[in-house]
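Right, one structure below, let's go through it.
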Amino acid sequence: LNIVGTGIDDDAMDKVLLILDGDEENPIVAEGSDYWSYYLDTTNLEEGPHTVLAYGIDVNGVQGNSVFTTWHLDRRQPLTEVQNYAQGPLVSGKVTLKGQITDGNGIASLEYSTDGGQTYLPTKIIENKKTGEYFFEFDVDTRPMEDGAAVIWFRAKDLQGSSGLSSFLFFVDNTKP
């Protein structure tokens with residue numbers, strides 16, 4: 001991420017300092033002064049909100065007013081996982097699926113499809129406010145489905161607008177011996 005800005009002072013600018021994510025103990029000196037920039041390597045940063053505070057210092061050592069902004073790192077798509085069944089279980093009748101949706105930017109919505117992604121139905125997401133984790137639980141009626149392999153497709157959207165598709169494979173067996 002290339003962070004850029006401009007600075008102005010009646011005596012002349014000396015430097016611009018940046019505080020990333022509130023780390024006041026380790027201010028970063030930007031390159032340049034009137035027109036400044038700093039290349040931030042985001043490789044090891046967590047997804048989600050990050051902050052940058054910038055302020056200039058003039059040639060006499062006087063600190064100017066600061067400016068502050070928040071930005072969101074959004075590299076990954078949301079991932080949906082069924083947790084109460086392993087992939088490929090043999091099921092019949094009504095089945096309850098429980099699981100978790102993960103993404104560093106929070107979850108806005110979750111939908112599922114039982115018809116190969118032709119249509120999606122919204123389902124309730126449950127947020128654990130203490131941990132920031134997101135869960136789901138809903139019932140699937142397998143009785144109208146044909147026996148054999150079936151897939152439920154999940155489409156989750158994070159709070160930054162990124163969508164992720166996940167699938168869950170199971171085998172329907174509603175025919176009695």
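Residues L121 and I126 fall into different hydrophobic clusters, defined by Ile, Leu, Val, Met, Phe, Trp and Tyr side chains chained together at heavy-atom separations under 4.5 Å. L40 and V4 fall into different hydrophobic clusters, where Ile, Leu, Val, Met, Phe, Trp and Tyr are joined by side-chain heavy atoms under 4.5 Å apart, directly or via other members. Note on W36: it does not cluster hydrophobically with I8, by side-chain heavy-atom contacts below 4.5 Å among ILVMFWY residues. Criterion: ILVMFWY side-chain heavy atoms under 4.5 Å apart, direct or through other members. Under it, L169 and V91 are not part of a common hydrophobic cluster. Note on V59: it does not cluster hydrophobically with M13, by side-chain heavy-atom contacts below 4.5 Å among ILVMFWY residues.
In this structure, the side chains of T42 and W71 come closer than 4.5 Å at one or more pairs of heavy atoms. Side-chain contact between D147 and V172 is present, with at least one heavy-atom pair separated by less than 4.5 Å. For the pair E111 and R155, the minimum side-chain heavy-atom distance is below 4.5 Å. No side-chain heavy atom of S33 sits less than 4.5 Å from a side-chain heavy atom of K15. For the pair D74/E47, a side-chain contact is recorded, criterion being any heavy-atom separation below 4.5 Å from C-beta on. When side chains are defined from C-beta on, F170 counts as touching T142, because their heavy atoms get closer than 4.5 Å. Residues Q83 and K98 are not in side-chain contact: their nearest non-hydrogen atoms beyond the backbone lie 4.5 Å or more apart. The side-chain heavy atoms of M145 and V140, taken from C-beta on, include a pair separated by under 4.5 Å.
D21 places a side-chain N or O within 3.5 Å of a backbone atom of T51 that can act as its donor or acceptor partner. Checking side-chain atoms of D158 against main-chain N and O of S162 turns up a donor-acceptor pair under 3.5 Å. No donor-acceptor distance shorter than 3.5 angstrom exists from the side chain of D11 to the backbone of N60, with no hydrogens or angles considered.
Atom OG1 of T96 sits about 7.5 Å away from atom CG of N84, to the nearest 0.5 Å. We find the CG-NE2 distance between L159 and H72 to be 8.5 Å, quoted to the nearest 0.5 Å. With rounding to the nearest 0.5 angstrom, the CG atom of L73 is 6.0 Å from the CG atom of L45. Here Q63 contributes atom CD and L17 contributes atom CG; the two are 7.5 Å apart, rounded to the nearest 0.5 Å. Atom-to-atom distance recorded for E146:CD and N174:CG is 11.5 Å, nearest 0.5 angstrom.
Residues satisfying the salt bridge (Lys or Arg N to Asp or Glu O under 4.0 Å) test with R75, not counting sequence neighbours, are none. A search for side-chain contact (heavy atoms from CB on, under 4.5 Å) contacts involving E24 returns I19, not counting sequence neighbours. Taking the ring-ring contact (aromatic ring centres under 6.0 Å, His included) definition, one finds that F138 meets it with Y112, F136, sequence neighbours left out. The side-chain contact (heavy atoms from CB on, under 4.5 Å) test applied to S166 returns L79, T80, F154, not counting sequence neighbours. Every residue meeting the side-chain contact (heavy atoms from CB on, under 4.5 Å) condition with S113, not counting sequence neighbours, appears here in chain and number order: D115, Y120, W153.
Within the structure, salt bridge (charged side-chain N to carboxylate O under 4.0 Å, His left out) pairs that include any residue of residues 120-130 comprise E127-K129 (at least two apart or interchain).
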Could you give me the CA-CA distance, side-chain angles and deciding distance for I3 and L20, then say whether side-chain contact (heavy atoms from CB on, under 4.5 Å) is met?
CA-CA 11 Å; I3 304 168; L20 300 176; 4.3 Å; yes
